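Structure first, then comments.
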Amino acid sequence: MQRNNFSWPVRVYYEDTDAGGIVYYANYLKYFERARTEWLRALGVEQDIWLANKVAFVVTEVQMKNTRPAKFNELLTVSSEISTLKRASLSFKQEIHNAALQVVCAAEIKIACVDPEQLKARSIPAEITEVLSRVR
């Protein structure tokens with residue numbers, strides 16, 4: 001894993017595609033989510049443990065641009081990097097590349113830290129902020 005850059009492979013399954021065999025656009029959001037989750041896991045941040053301690057992360061904004069189609073059975077790579085880290089939120093710049101290293105989809109995704117019971121913003125715990133600051 002490089003500093004502030006993480007890559008995760010994703011295979012396009014039949015269920016990910018529309019009638020034309022092209023990835024349905026909303027599934028790119030799933031690929032982005034999986035990559036962020038796996039990056040956190042690789043850093044030792046297990047979201048289920050934090051959720052049990054009233055710490056959750058929710059997507060608050062997405063800006064996404066699809067630039068070329070991905071098709072059934074393609075192997076894609078999702079890259080992720082932290083673009084901003086604040087007290088109670090962070091943003092990721094993410095891209096999906098095909099085997100030819102062409103950008104298929106790019107997004108800027110903003111995430112807020114919340115108390116899942118009250119659904120109110122809260123500070124990102126220091127343990128998580130320290131880990132994320134090391135890879136920024």
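What you see is a predicted model, and the numbers here were worked out from it, not measured in a lab.
- H97 places none of its side-chain heavy atoms less than 4.5 Å from the side chain of Q102.
- With sequence neighbours excluded, the residues forming a side-chain hydrogen bond (donor to acceptor under 3.5 Å, both in side chains) with R87 are S123, listed by chain and number.
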Could you list the donor-acceptor pairs under 3.5 angstrom formed by side chains in residues 19-34, with sequence neighbours left out?
residue: N27; atom: OD1; partner: K30; partner atom: NZ; Å: 3.4
residue: N27; atom: ND2; partner: D16; partner atom: O; Å: 2.9
residue: Y28; atom: OH; partner: A70; partner atom: N; Å: 3.4
residue: Y31; atom: OH; partner: D16; partner atom: OD2; Å: 2.8
residue: E33; atom: OE1; partner: R36; partner atom: NH2; Å: 2.5

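- A search for side-chain hydrogen bond (donor to acceptor under 3.5 Å, both in side chains) contacts involving E127 returns nothing, not counting sequence neighbours.
- A donor-acceptor pair is defined here as one N or O able to donate and one able to accept, closer than 3.5 Å; no such pair exists between the side chain of T77 and the backbone of W8.
- Counting only residues at least two apart or in different chains, salt bridge (charged side-chain N to carboxylate O under 4.0 Å, His left out) contacts with residues 109-124 comprise K54-E117, E61-K110.
- Expressed to the nearest 0.5 Å, how far CG of N98 lies from CG of L75 amounts to 10.0 Å.
- Under the 30°/60° scheme for interplanar angles, the aromatic rings of W39 and F92 are found to stand perpendicular.
- Within the 4.5 Å cutoff, the side chain of V12 has heavy atoms near those of the T17 side chain.
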Taking distance alone, no hydrogens or angles, what donor-acceptor pairs closer than 3.5 Å link side-chain atoms of residues 40-50 to residues at least two apart or in another chain?
residue: R41; atom: NE; partner: E46; partner atom: OE1; Å: 3.4
residue: R41; atom: NH1; partner: E38; partner atom: OE1; Å: 3.3
residue: R41; atom: NH1; partner: E38; partner atom: OE2; Å: 2.9
residue: Q47; atom: NE2; partner: T37; partner atom: OG1; Å: 3.4

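- Rounding to the nearest 0.5 Å gives a distance of 10.5 Å between NZ of K65 and SG of C105.
- Taking CD1 from I124 and OG1 from T129, the interatomic distance works out to 5.0 Å, rounded to the nearest 0.5 Å.
- When atom types are taken as modelled, the side chain of R11 and the backbone of N73 share a donor-acceptor pair closer than 3.5 angstrom.
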Problem set entry | Chi angles and distances behind the side-chain contact (heavy atoms from CB on, under 4.5 Å) call for L132, L90 | CA-CA 10 Å; L132 296 178; L90 65 156; 4.0 Å; yes

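- Cluster membership check: L51 does not share its hydrophobic cluster with V59, using side-chain heavy-atom separations under 4.5 Å among Ile, Leu, Val, Met, Phe, Trp and Tyr.
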In a table with atom names and distances, give each donor-acceptor pair under 3.5 Å that connects a side chain of residues 78-86 to protein atoms at least two apart or in another chain.
residue: S79; atom: OG; partner: E95; partner atom: O; Å: 3.4
residue: S80; atom: OG; partner: Q94; partner atom: NE2; Å: 2.8
residue: S83; atom: OG; partner: S91; partner atom: O; Å: 3.3
residue: S83; atom: OG; partner: E108; partner atom: OE2; Å: 2.6
residue: T84; atom: OG1; partner: S91; partner atom: N; Å: 3.4
residue: T84; atom: OG1; partner: S91; partner atom: OG; Å: 3.2

